[in-house]
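These notes are about the structure you will find just below.
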Amino acid sequence: QVQLVESGGGLVKAGGSLRLSCAASGIIFSFSTMGWYRQAPGKERELVATITAGGSASYADSLKGRFTISRDNAKNTVNLQMNSLKPEDTAVYFCNAEPSVTGWRVYWGQGTQVTVSS
């Protein structure tokens, strides 16, 4: 019933751009801080960016200026515009919904692969 579905991943060359999108159910989207996380092979999952229900965005320090997170309320989606991609950005990118309502669980998407060639 509740799903987060990522799209937009792919293979790009260093310096290129990709735009990821995550579609969420309406009820989860409305009450949640949405986020993007990534996990490279052999590495821990790490925060990329988050955006609150009110539209306040935060980023990993190393990604500021290259990545932009946004919400599309009409479509119940969260997007991640990735510019000036580097090989070290290669990872599986996961969409995350963290509801502000006490007792509600955190939801994760299945992930979408982003590969940046040098």
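Starting from 1, each residue takes its place in the sequence as its number. What you are looking at is a predicted structure, and each value in this text was computed from that prediction instead of being measured.
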> Within 45 degrees of the axis of the six-membered ring of Phe29 and under 6.0 Å from its centre: does Arg71 put its NZ or CZ there?
Replying inline: yes

Roughly how far, to the nearest 0.5 Å, is the [atom2] atom of [Y] from the [atom1] atom of [X]?
| X | Y | atom1 | atom2 | result |
| --- | --- | --- | --- | --- |
| Arg66 | Met82 | CZ | CE | 9.5 Å |
| Leu80 | Trp36 | CG | CH2 | 6.5 Å |
| Ser117 | Leu85 | OG | CG | 10.0 Å |
| Lys86 | Ser118 | NZ | OG | 14.0 Å |

Grab the two heavy atoms, one from [X] and one from [Y], that are nearest each other, plus how far apart they are.
| X | Y | answer |
| --- | --- | --- |
| Leu47 | Ala60 | O-CB, 3.6 Å |
| Ile51 | Ser70 | CD1-CA, 3.9 Å |
| Cys95 | Leu4 | O-CD1, 3.8 Å |
| Gly109 | Phe94 | O-CD2, 3.6 Å |
| Ala53 | Ser30 | CB-O, 3.8 Å |
| Gly9 | Leu20 | N-CD2, 3.5 Å |

>> Is there a continuous path of hydrophobic side-chain contacts, each under 4.5 Å between heavy atoms, that joins Ile69 to Val92?
In response: no

>> Test of understanding: clusters of I, L, V, M, F, W, Y form through side-chain heavy atoms closer than 4.5 Å, transitively. Do Val106 and Val2 belong to the same one?
In response: no

Can you tell which of [options] makes a side-chain contact (heavy atoms from CB on, under 4.5 Å) with [X]?
| X | options | answer |
| --- | --- | --- |
| Met34 | Asn76, Thr50, Val78 | Val78 |
| Lys75 | Asp72, Asn73, Asn79 | Asp72 |
| Arg38 | Thr90, Val114, Asp89 | Asp89 |

> Counting only N and O atoms by type, is there a donor-acceptor contact under 3.5 Å from the side chain of Gln3 to the main-chain atoms of Ser25?
Replying inline: no

> Counting N and O atoms only, with roles assigned by atom type, does the side chain of Tyr107 sit under 3.5 Å from a partner on the main chain of Pro99, one being a donor and the other an acceptor?
Replying inline: no

> Should the pair Tyr93 and Phe67 be assigned to parallel (<30°), tilted (30 to 60°) or perpendicular (>60°) ring geometry?
Replying inline: tilted

>> Looking only at the side chains, is there a donor atom on one of Asn83 and Gln81 sitting less than 3.5 Å from an acceptor on the other?
In response: yes

> When you look at CD of Glu46, are more than 12 heavy atoms from neighbouring residues, nucleotides or ligands closer to it than 6.0 Å?
Replying inline: yes

>> Within the 4.5 Å heavy-atom criterion, are Ser32 and Trp104 side-chain neighbours or not?
In response: no

